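The structure under discussion appears below in the form of structure tokens.
These numbers were taken from a predicted model, which means no experiment stands behind them. A, B, ... follow the sequence lines: proteins, then strands. Residue 1 opens every chain.
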Amino acid sequence: MSFAAESHVLVYGIAEPLGSLYVPKMVAYGTPIVAGVSPGYGGQVVAGIPVFDLVEQAIETVGSIDTVLILVPPYEVLDAALEAMAAEIGQLILIAEGVPPLDMVQILREAEATETLVVGPNSPGVIVPGEVLLGTHPAECYLPGSVGLISRSGTLTYEVALELTRAGIGQSIAVGLGGDRIVGSSFQQWLQILEEDDRTEAIVLIGEIGGESEEMAARYIAEAIDKPVIAYLAGYSLPKGQPMGHVGAVVTAKIAGLGVDVGTIDSKLTAFKQAKIPVADRPSKLPKLVQQALDKVRT
Amino acid sequence: MSFAAESHVLVYGIAEPLGSLYVPKMVAYGTPIVAGVSPGYGGQVVAGIPVFDLVEQAIETVGSIDTVLILVPPYEVLDAALEAMAAEIGQLILIAEGVPPLDMVQILREAEATETLVVGPNSPGVIVPGEVLLGTHPAECYLPGSVGLISRSGTLTYEVALELTRAGIGQSIAVGLGGDRIVGSSFQQWLQILEEDDRTEAIVLIGEIGGESEEMAARYIAEAIDKPVIAYLAGYSLPKGQPMGHVGAVVTAKIAGLGVDVGTIDSKLTAFKQAKIPVADRPSKLPKLVQQALDKVRT
Amino acid sequence: MDLLEYQAKELFNQVGIPVLPSQRIDRPTDLKGLRIPFPVVLKSQVYTGARGKVGGVRFVENTIDAIAAAQAIFHLPILGKYPKVLLAEAKYNADREFYLAVTLDNATRRPVLLGSQYGGVDVESHLDQMRQVVVDQTFSPFYARRLALMMGLQGKLISSVSAVIEKMYRLLVERDLDLVEINPLAVNVNEELMALDGKITVNDAALGRQPALTALVAAIPNPTLTYMPNCGVHLVELEGNIGVLCSGAGLTMSTLDLLHKAKGRPANFVDLGGDYRHCCPPNVLQERVKQGLDLITQTKGLKVIMVNMLGGATSCLQTAEAIAAFLKWQPANRTIPPLVVRLVGSEWAAAQSLLAAMEIPVYESMDEAIAQTIGLASTAVKVQPGQSKSSLMLASA
Amino acid sequence: MDLLEYQAKELFNQVGIPVLPSQRIDRPTDLKGLRIPFPVVLKSQVYTGARGKVGGVRFVENTIDAIAAAQAIFHLPILGKYPKVLLAEAKYNADREFYLAVTLDNATRRPVLLGSQYGGVDVESHLDQMRQVVVDQTFSPFYARRLALMMGLQGKLISSVSAVIEKMYRLLVERDLDLVEINPLAVNVNEELMALDGKITVNDAALGRQPALTALVAAIPNPTLTYMPNCGVHLVELEGNIGVLCSGAGLTMSTLDLLHKAKGRPANFVDLGGDYRHCCPPNVLQERVKQGLDLITQTKGLKVIMVNMLGGATSCLQTAEAIAAFLKWQPANRTIPPLVVRLVGSEWAAAQSLLAAMEIPVYESMDEAIAQTIGLASTAVKVQPGQSKSSLMLASA
């Protein structure tokens, strides 16, 4: 994992609408974007960034790339991701909502074979406050500091960061894993990354109903994470089975009408309780819980 | 490479017509066949060999397997080969003629990723005279000895072995790489195997028109093979472009009518001449050339 | 999005999964032209299960009985829904019933094959008999045979059942499906197979590249569509008196939670989506805000509307302008309930001034906005009984 | 096996590769019902190239000229072959002509994409401009863009040309093809693309699982089929006086070589195949020996027939019995040339006794059998001039 200011970033789909909207913001934030790729736009310049037709062509000109941020429309994400992995790039961030899950299966088979870190899709990407913006996080919500945020959501991550920032609690890094059923990296992977990250002193895990990733994360935290973790869970008031865009385990639970109690708020709260992870019942409660954890760590 | 008598062989398709025909011959020859697989025939016994429904089920019962000999019909070879590789078996021999080349591309992508040795398809398999028969080689043509045979053909391999055997020159191993455009292992791979094989003192390479595998082999021999190599080439009298079942480079040469001189007898003879490899002009000339090479090695 | 049984069986038939001769019945008189010999089974085509227990499946022996039964089924609500069509199907003598499914596994992030020898109504009581094979690499039929063996099958059933699984898998991949389920897969005394009931869930996000599926499902409105491929604005109706307009699923859930926690009752909500929808980039957000408010205000009995917008490339002022424009264009006789607006981002002060002039309070804090909303909603308004809970949609501009 | 141009274009059209409006012409009068506006191009549909240079392609402006031109083309042999059909096609104003192909690469054992900006008749004189991309892993469109860039394309041509390459690749994989070639791919002044000529080579071994292709090619006999999916026995005609029946391609080639070396001239040959054909297991070899001899003896002017059989699960005696049976069942008035038989395997002595009784010599040594064959053939027999060299086939029993 290296999203540091000295890493080299390529934006795939720089000439797409989302590219022209977010690339200037990322550049202004100081993100080290060294190249863009948009087939057919080779030779152009977007927000001061040279554009190439192919990833390998960009590498020939600008040198090695650490991270590719993929901003293309959802049905083009598979091809862009495979192209980036064929060029031996080790970190991919997929932003688009609506990537078909079977495309993700293909991406992840290749990512596992090549040990590539994939963030997203349906994700706001990664922000290292004060240094690097790789995605859609609104800069004004963040403050440099020592709390890592890992989330399945976009806007809710901004909301949580904003509460911490207003309380004067800065963040070391924030990542949106993506709201889809099949996403590239898991809570566990990012818990491990933040556990090893020197700047991070405490971790906020932002979960939601559906799926079983919070349950698996809670077990992993109990086993492998020494830094304090505080959780917030959204969606407990939703009528059962209400699809929310973040479709989670809705399909799995529907199979044969299996009434398995996975993905409900109760199953998640129980898992966090067993792992002794404090859970905030609203975003505005997080600053206090995080501050308590930080105080404990620092003494 | 381990086709020794103590290795463990599984025959995939043991209950197919080719299986029931050749398995008794292989067993009689002493081939260490420990299991067979034919889906739906699990629990039966063919020629004294227990039959299973799945490779992994066979391994559970009889222990590890070194080689899978695949005798299923051509359109079923891909699945059987992928199943064997998923069970982490390192050597596959594909016998069937008529495996679609795009199926072979899939098999070979997986074989390269898993470092699996694939022999065939459209191949008589492998024989270690006096020890192990893995395929269709007629036992009566072979005699144990120190000459390795590598061939693109089936019947022509038998013919060459027969000439050597009649002259009292035994063979260490004989392999038919297969007559198709896309085959698993190349002359180079087998030249290297025989170069490292202690029993082999000289190598006979049996080539034919079409493709460029003989040319590549000749270059490889000049670079990397110390043991003496004698060649025989078939097909020089064929009218140009005459397809022969062994379709070789016919398609490639047809592209855009490119008149590239690859795959012709002249291009192959030139390559062997440059690599200083003696070429017999008929099978019955081989014993003399081989004996000369053996005499030279042994002095 | 779920397909109806008859649609699923059309797809089964296309890929060679055995299904019985059947005929779609749009009205009872269609049974006069029935091309299947009696006895026949009539099945209500609804998106919910358990129709058999409430009378949604009937066996009939002749045309007169069939028409009567069809009339009854057309008028029989199943979990509140009336069928738009029935399926008339031949009868089959099942000796055993298996369960088969292919879907995606969230944990391994791979397709997964599921199977049990205990299918039909027994599947839930024999969950311990359910077997699973994860398709970790490129699919090949041996994965299906592996499942067949794990299910305990023997002899020729290994090949015939795994051939059905293989077809289900190829259907899943070719049509971008979330689920292909056959329950029961009937086995007769000769060990021949027949898919007696089937369920297919389409992946909504992939519908845009599956024109044949889009055409198939266009006929019958389907409430289970969760993702709008064309980025239409989607209203979800609940039962309360607070309208909610939010940006992004996470923030929407959190807003509903906080309202609920404060004893508020949301009447409905519109999630305008996050920042990374290609079909609706941030520059059309203003239009979407108007569409969302228009949908929300069609629900009767609203006491208040809470707007909670965060992130995105749109400034607070732009969002405020969209709200102002929505209110300005209302017909004079239409009463819009009071709005509570929470905004975060640039040009906040200007947004506040604009909306203050229309007596709409603007907050930066979510908690404060919630509190104000709850205050306005506290005089309870009775919700119209029998109000439909179905979804309304507007295509995006 | 090659497809004719019009068949290739049907497949192009199915996958969305742009082709001109066209119409198949089975007889000149079909042009009266032409549905394409003039001017029109008429093209001879033959399996060989270079038809343009010899008058196989003509531009016509009206129906009268078109019928006359069609009559001329139908009567114009191209490399000895007359067309069975013509293709009438609209005209296109090409600004540039590219070359594109997708095939399999023997060396890397992967599909390979080929392309050049110098297409049409220029391709051979600009071979140094041919670019190549090996598809080493699962195909994805970026491989096609890689080729487009290597070809030196820029701007929107990168996407449009790579979209055509992608469709060619998918066609190759879905239909089990050996080659998909477009030459030329015309580019007009607006940078729009059009496949003006196309070539498709079907993989013969895979035909058995491509029923749609089998149906497509069934209409017009095709001499380029190299592999018999149904294991029919296949005769190849040459020009000489020795008939050759062998087992396996390698041994057949070697036998022909040795005859040639000894100044013998094979008239034809039948390769009965190796030991690993599933469609014709060794136990039907006897039947195939009879079929092979029957085909071989239909050629006129034969002086001798050499049978060379080695390997297989059939004993020498079984082969000898098949030969004896073939001879016994000949009509009394039919003269069969003398046979020379070379056999290796079990029951050799019994085979020799059986055939000796019919005055057929049996050898174990290939060289001896060759020498004897050459001896019998040495009195030259003139081959019938103008004798067709096309292949005869017999379906297997």
Side-chain angles (χ1 to χ4, degrees), chain A residues 17-18 21-22 73-75 95-102 104-105 108-109 122-124 136 138 140-141 151-159 162 179 181-182 206 208 211-213 216 234-239 242-247 249 251-252 254-259 281-284, chain C residues 49 99 101 103-107 109-111 114 123-124 127 137 172-173 176 178-179 181 183 201 203 205-206 208-209 224 226-227 229 236 238 247-254 256-261 271 273-279 281-283 310-313 344-346 365-367:
Chain A
L18 285 193
L21 189 67
Y22 288 109
Y75 296 168
I95 300 298
E97 179 175 349
V99 178
L102 286 162
M104 284 309 299
V105 170
L108 295 174
R109 276 195 189 124
N122 194 5
S123 151
T136 63
E140 64 265 29
C141 295
S151 172
R152 283 167 69 188
S153 169
T155 45
L156 193 51
T157 315
Y158 315 160
E159 181 75 40
L162 187 65
R181 279 177 72 197
I182 309 285
I206 304 158
E208 56 191 57
E212 45 185 329
S213 43
M216 294 193 299
Y236 55 82
S237 69
L238 279 190
Q242 174 63 52
M244 270 303 301
H246 293 192
V247 287
V251 167
T252 314
K254 272 200 289 195
I255 295 168
L258 312 183
D281 65 355
R282 59 201 307 152
S284 58
Chain C
Y99 173 90
T103 186
L104 285 163
D105 179 47
N106 296 357
R109 308 176 310 178
R110 292 289 191 278
L114 295 164
V123 67
E124 292 189 50
L127 271 187
Q137 296 303 319
L172 183 94
V173 170
D176 273 313
D178 281 339
L179 170 70
E181 184 188 80
N183 187 33
T201 305
N203 184 266
R209 65 181 187 191
T224 66
T226 60
Y227 174 88
V236 177
L238 304 168
S247 57
L251 189 63
T252 306
M253 282 193 270
S254 189
L256 294 170
D257 286 351
L258 293 190
L259 288 171
H260 181 261
K261 208 170 177 64
D271 167 18
D275 296 332
Y276 19 91
R277 287 195 172 167
H278 275 265
C279 48
N283 51 16
L310 170 58
V344 176
S346 59
S365 150
M366 180 147 97
D367 283 0

Worksheet item: For A:Ser151, is it the side chain, the backbone, both, or neither that has a heavy atom closer than 4.5 Å to a heavy atom of chain C?
Response: neither
Worksheet item: By a 4.5 Å heavy-atom criterion (distance strictly below it), what part of A:Leu162 contacts chain C: side chain, backbone, both, or neither?
Response: side chain
Worksheet item: What do the steps show when you test A:Arg282 against C:Asp367 for side-chain contact (heavy atoms from CB on, under 4.5 Å), and what is the final call?
Response: CA-CA 9 Å; A:Arg282 59 201 307 152; C:Asp367 283 0; 3.1 Å; yes
Worksheet entry | 4.5 Å side-chain heavy-atom contact, A:Pro101 and C:Asp178 | yes
Fill in: Contact summary for A:Ala234 and C:Gly250, nearest pair of heavy atoms
CB-O, 4.2 Å
Discussion item. Is it the case that the side chain of A:Tyr158 and the backbone of C:Val344 share a donor-acceptor pair, with hydrogens and angles ignored and the cut-off at 3.5 Å?
Written reply: no
Worksheet, complete the sentence: Shortest non-hydrogen pair, C:Asp105 vs A:Arg181, comes out as N-NH2, 4.5 Å
Worksheet item: How close do A:Tyr236 and C:Lys261 get, heavy atom to heavy atom, and via which atoms?
Response: OH-CD, 3.3 Å
Worksheet item: In Å and rounded to the nearest 0.5 Å, what is the CG to CG distance from A:Asp281 to C:Leu258?
Response: 8.0 Å
Practice prompt. Counting only heavy atoms closer than 4.5 Å, note whether C:Asp257 contacts chain A via side chain, backbone, both or neither.
Written response: both
Practice prompt. Kindly give the heavy-atom pair with the smallest separation between A:Ile182 and C:Leu104, and that separation in Å.
Written response: CD1-CB, 4.3 Å
Worksheet item: How far apart are the closest heavy atoms of C:Asp176 and A:Pro100, and which atoms are they?
Response: OD1-CB, 4.0 Å
Discussion item. Out of A:Met104, A:Glu140, A:Glu159, return the one with the most heavy atom pairs under 4.5 angstrom to chain C.
Written reply: A:Glu159
Worksheet entry | Minimal non-hydrogen separation, C:Gly248 against A:Thr155, with atom names | CA-OG1, 3.6 Å
